[in-house]
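Chain A is the first sequence line, chain B the second, and so forth, proteins listed ahead of strands; every chain is numbered from 1. For the numbers below, each heavy atom of this structure counts, side chains included, while hydrogens, waters and symmetry mates do not.
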Amino acid sequence: MAVVFEKTKGLTDIPFHYCPGCTHGIVHRLVAEVMEELGVLNKAIGVAPVGCAVFAYEYFNCDMQEAAHGRAPAVATGIKRVHPDRVVFTYQGDGDLAAIGTAETVHAAARGENITVIFINNAIYGMTGGQMAPTSLIGQETLTTPYGRKPGNNGYPVKMCEMLSTLDGASYIERVSVYDVKHVLQAKKAIKNAFTAQINKKGFSMIEVLSSCPTNWGLSPNEALKWIKDKMEPYYPLGVYKNTLEEVKQNG
Amino acid sequence: MAKVLMKGNEALAEAAIQAGCRHYFGYPITPQNEVTAYMAKRMPEVGGVFLQAESEVSAINMVYGAGGAGARVLITSSSPGISLMQEGISYIAGAEVPCVIANIMRSGPGLGGIQPSQSDYFQATKGGGHGDYKLIVLAPSTIQEMADLVQQAFDIADKYRNPVMILGDGMLGQMMEPVDFGSIKKGENHIEEKTWATTGMGTRKKKNIINSLELDPQMLEKHNIELFKKYEKASKEEVRYEMTNCEDAEIILVAYGTIARVAKNVIELAKRENIKVGLIRPISLWPFPVEPFEKTVDHVKGYLSIEMSMGQMVEDVKLAVNGRKPVYFYGRAGGMVPESYAILEEIRKLSGGAI
């Protein structure tokens with residue numbers, strides 16, 4: 001019988017630990033499928049973050065290093081400078097990438113470090129139990145903003161794609177989401193573009209994925225997907241923010 | 001090979017390159033800036049990588065990445081910068097990644113000053129970062145020794161898969177002395193294949209993971225115990241020290257690095273006054289050499305630890321002596337280097353039984 005679907009070779013057989021309805025699993029699979037389709041699994045070196053995706057080093061079927069909180073782009077830089085011909089990626093959450101690791105993220109992009117960053121933005125700290133993230137929305141209730149995030153006290157959410165796309169070292173920056181099948185497929189295309197940018201030695205690439213956190217948002221998985229669409233997307237518009245891949249530009 | 005007149009910082013950099021180091025990550029800080037400048041110029045010449053990071057925090061994590069990916073990698077800084085690196089150093093030790101870290105110490109705490117000091121002894125030898133781990137710490141006292149120890153440090157780091165720290169000070173970094181790089185035995189520096197490194201799987205069946213996370217307390221304790229077995233091996237095999245005039249000394253100075261040079265001068269000054277003074281110079285600060293104390297404790301009147309700090313190594317001296325003889329301390333802080341006559345005055349007091 002013909003095989004019509006099988007699990008990607010980019011993931012190991014270790015079961016994910018993620019909460020029901022969390023979209024980390026979807027994004028893991030997309031990244032793994034892209035690496036398999038591009039034929040780079042045997043030359044990929046990933047860097048896992050601190051936070052919910054801390055065990056990413058167990059899940060991706062390639063060499064992996066586990067970084068300290070926020071330092072993944074620096075660790076990836078070290079790896080890439082030793083092995084410029086390998087495919088090096090980081091997988092990071094919003095606390096990791098946009099708070100404690102802002103400097104590492106901005107400067108890896110500014111250097112045009114030829115790595116790919118997968119950025120999971122779920123507007124909250126997941127692993128530590130639901131505190132405010134730099135990406136939490138105005139008015140969003142979290143453990144550390146129990147009366148809602150207020151600009152006067154907590155400042156404004158950080159828009160990483162907009163910020164990084166101003167840097168000359170960035171080659172491909174896109175914000176996607178995974179709240180329905182159509183957007184999942186678009187996200188995969190974006191991730192492939194980001195890896196392609198790296199393979200073509202274009203410089204720093206990042207895909208921001210608007211993701212769900214049903215547990216810490218206090219919503220059902222379905223409600224959480226709707227929350228991404230209704231609440232997050234208006235503040236974090238989807239789209240390509242920077243693209244130096246000429247052929248992709250032409251294809252729209 | 002002819003000797004070359006070099007600054008300590010430059011000799012450190014050149015020695016690393018000759019030991020096969022092709023990756024350097026750093027961030028400028030006084031008084032070790034010659035290393036970054038030297039590496040920026042030399043690394044491209046030898047096909048290596050020099051990268052100035054945006055911070056010490058980032059630089060040490062680049063070292064973690066590069067070391068984990070199998071490279072011989074060096075990072076240098078000075079006291080406040082080393083403090084920033086402690087997070088990364090703990091991770092590197094936990095994940096068992098080899099690298100060489102040089103601290104060209106300046107005075108502290110806080111921003112302190114830029115003059116030479118030895119006030120990071122505790123930080124270097126007792127931890128610095130979080131968790132149960134050890135660095136192997138080597139302290140040169142001449143520029144030649146700086147070069148020699150850097151070479152050995154790479155081999156030791158690879159042997160134990162552990163960070164090795166060269167603990168120098170601003171005086172050693174800034175002074176110039178002739179160095180002979182010909183003494184480096186290239187054969188000893190051959191780099192074995194690092195089968196554990198993250199190089200991309202290639203044809204390898206099993207993936208490699210560099211990691212320090214272990215949430216299962218029993219497994220983490222096992223990891224802690226394994227690390228300490230490694231440190232126990234190092235504490236037997238990596239002890240280095242020098243003894244001068246200790247055989248019949250009544251007072252033995254204990255000093256490392258720059259101040260050990262002053263101590264040698266003091267021995268001569270004391271001789272003129274018929275006071276027999278010896279010197280124990282620990283070269284490895286961790287593992288701290290106990291053996292020279294065992295050899296001398298029976299005949300010596302007492303030990304005097306002299307340091308460019310408010311007294312840090314003196315605690316290890318006391319542990320080594322273990323109450324069998326008195327241990328005294330003399331030090332200067334703030335970036336001051338103790339003068340030979342001031343040390344001699346302390347010795348006179350000891351010899352005369354005044355203290």
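Neither the backbone nor the side chain of B:Val63 comes within contact range of chain A; no heavy atoms are under 4.5 Å apart. Only the side chain of B:Leu51 comes within contact range of chain A, with at least one heavy atom under 4.5 Å from a heavy atom of that chain. With a threshold of 4.5 angstrom between heavy atoms, B:Arg22 does not approach chain A through any atom at all. Contact annotation for B:Ser90: neither backbone nor side-chain heavy atoms come within less than 4.5 Å of a heavy atom of chain A.
With hydrogens and angles ignored, the 3.5 Å screen pairs no side-chain donor or acceptor of A:His83 with any backbone N or O of B:Gly200.
Between chain A and the residues B:Ala197, B:Gly68, B:Ser55, B:Ser212, the most heavy-atom pairs under 4.5 angstrom are made by B:Gly68. Counting heavy-atom pairs closer than 4.5 Å to chain B, the top-ranked of the candidates A:Glu58, A:Arg81, A:Lys43 is A:Arg81. Of the listed residues (B:Asn211, B:Ile60, B:Val73, B:Val49), the one with the most heavy-atom contacts under 4.5 Å to chain A is B:Asn211. Interface remark: of the candidates B:Ile209, B:Val57, B:Thr203, B:Thr198, B:Thr198 forms the most heavy-atom pairs closer than 4.5 Å to chain A. Note: B:Ala69 leads B:Ala53, B:Ala95, B:Ala69 in heavy-atom pairs under 4.5 Å with chain A.
For B:Lys126, the NZ atom is densely surrounded, since the number of other residues' heavy atoms within 6.0 Å is greater than 12. A 6.0 Å sphere centred on NZ of A:Lys7 holds more than 12 heavy atoms belonging to other residues, nucleotides or ligands. Atom CD of B:Glu45 is surrounded by more than 12 heavy atoms from other residues, nucleotides or ligands within 6.0 Å.
Closest heavy-atom contact between B:Asn61 and A:Ala74: CB-CB, 3.7 Å. Contact record, B:Met201 with A:Cys62: SD-CA, 3.7 Å, taken as the closest heavy-atom pair. Minimum interatomic distance between B:Ala71 and A:Val82 (heavy atoms only, all atoms of both residues): CB-CG2, 3.5 Å. Summarising the geometry of A:Arg111 relative to B:Glu54, their closest heavy-atom pair is NH1-OE1, 3.1 Å, with the distance given to 0.1 Å.
For B:Phe25, there are no ring-ring contact (aromatic ring centres under 6.0 Å, His included) partners two or more places apart in sequence or in a different chain.
Residues of residues 26-41 of chain A lying within less than 4.5 angstrom of chain B, judged on heavy atoms, are absent. Identified by a heavy-atom distance below 4.5 Å to chain B, the contributing residues of residues 63-73 of chain A are A:Asp63, A:Met64, A:Gln65, A:Glu66, A:Ala67, A:Ala68, A:His69, A:Arg71, in residue-number order. Against chain B, no residue from residues 155-171 of chain A qualifies, as none has a non-hydrogen atom under 4.5 angstrom away.
Side-chain contact check for A:Thr12 versus B:Lys207: some heavy-atom pair is nearer than 4.5 Å.
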(request) Start with the C-alpha gap between B:Leu215 and A:Phe55, add the side-chain angles, then the distance that decides, and say whether side chain to side chain contact (heavy atoms under 4.5 Å, CB included) holds. (result) CA-CA 11 Å; B:Leu215 291 181; A:Phe55 291 121; 3.5 Å; yes

